[in-house]
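Below, read A as the first sequence line, B as the second, and so on, with proteins coming before strands; counting in each chain starts at 1.
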Amino acid sequence: MKSFLVGLDGSPQERSVLAQARDLAERLSATLILFRAVPLPVELPANALGVSPLALGDLLVDSARQHLAELARTLPPGLVAKERVDLGSPWRAICEAASAERVDLVVIGSHGYGGLDRLLGTTAGKVVNHADRSVLVVRSLLTDGS
Amino acid sequence: MTLGRILVPSDFTQQSAEALRYALELARSLDAEIDLLHVVPAPSRVIAAVDAYLGRPLPHVREEVLAAARVRLARFLGTMNRRGVTVHARVTSGDPAAMICEHAVEGPDDLIVMGTHGWHLGSLACRLLGVAPCPVVTVRLPENRAQPQF
């Protein structure tokens with residue numbers, strides 16, 4: 001196994017998901033692709049109200065990209081192969097990015113991406129259903145502990 | 001995350017063979033052991049309790065059936081390259097999804113590796129994702145990689 005795509009979502013649980021992905025990748029000498037899907041039109045930052053609708057997508061993607069870059073800085077050099085941000089619904093974006101990057105494994109948390117998913121875990125369930133490769137669903141420790 | 005023990009539920013299908021192959025490779029890299037579990041389908045404990053109460057013949061699964069399943073599991077395992085990996089093969093009976101979930105929750109395993117059947121998860125995978133206290137890997141058959149459908 002050479003590369004993992006890690007689905008991150010900006011939630012408090014994502015660090016636990018990333019830590020577990022890092023742990024496994026280090027043991028298997030794999031590299032990580034940090035991925036974040038930007039769904040529209042939720043998660044609008046305050047400065048989004050002042051931009052034209054056409055620029056909104058870019059603004060959100062940039063903000064997500066900065067977020068991934070910050071996370072990547074917390075990891076040892078060489079572990080992160082790349083960071084990738086796509087617009088779209090998270091489960092679909094993760095499945096498409098996993099195929100496009102031809103990763104060996106998708107790593108996602110069992111919760112995240114908003115209130116309903118917290119109960120149902122629908123993003124994780126849909127990715128497992130629809131991804132054309134193997135998926136590792138990890139427990140988000142923060143969720144379990146609270 | 002400690003990964004000393006990996007649970008692989010098996011129903012002898014191509015999907016579970018792929019999952020076992022994957023788990024063996026993983027176990028070799030991580031120096032982990034594998035718990036290979038096959039559940040002979042049988043009525044759930046509730047039904048068994050009702051049958052016992054009503055004086056119907058028990059047990060539902062005869063010892064010969066379990067013995068045959070043990071032989072089949074050993075043969076299934078024999079087709080794999082298990083070099084360097086300790087595999088604990090075990091056969092039990094009951095409602096497969098419930099037994100596997102129970103094993104996942106109460107057993108010593110740190111990771112579950114299971115096959116998936118095509119584009120929609122079986123009830124087992126759905127239930128496991130909901131209850132498993134440890135991470136779960138769902139393994140996709142390689143030939144499906146060629147044609148993703150949404």
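When each of Thr138(B), Leu111(B), Val136(B), Val139(B) is paired with Leu136(A), the side-chain contact (heavy atoms from CB on, under 4.5 Å) condition holds for Leu111(B) and for no other.
Put simply, the side chain of Asn129(A) does not reach to within 4.5 Å of the side chain of Thr116(B), judged on heavy atoms. Between Leu105(A) and Val137(B) the shortest side-chain heavy-atom distance falls below 4.5 Å.
Around CZ of Arg102(A), the count of heavy atoms belonging to other residues, nucleotides or ligands within 6.0 Å does not exceed 12. More than 12 non-hydrogen atoms from other residues, nucleotides or ligands lie less than 6.0 angstrom from CZ of Arg27(A).
Residues that satisfy the side chain to side chain contact (heavy atoms under 4.5 Å, CB included) test with Ala19(A), not counting sequence neighbours, are absent from this structure.
Heavy-atom pairs under 4.5 Å with chain B were tallied for Val135(A), Val138(A), Val107(A); the largest tally goes to Val135(A).
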>> If you apply the rule side chain to side chain contact (heavy atoms under 4.5 Å, CB included), what do you find for Leu3(B) with Asp23(A), and how did you get there?
In response: CA-CA 10 Å; Leu3(B) 288 173; Asp23(A) 187 19; 5.9 Å; no
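Of all heavy-atom pairs spanning Arg140(B) and Val128(A), the tightest one is NH2-O, 3.2 Å.
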Using a 3.5 Å cut-off and no angle test, enumerate the donor-acceptor pairs between side-chain atoms of residues 64-74 of chain B and protein atoms at least two apart in sequence or in another chain.
| residue | atom | partner | partner atom | Å |
| --- | --- | --- | --- | --- |
| Glu64(B) | OE1 | Arg62(B) | NE | 3.1 |
| Arg70(B) | NH1 | Glu63(B) | OE2 | 3.3 |

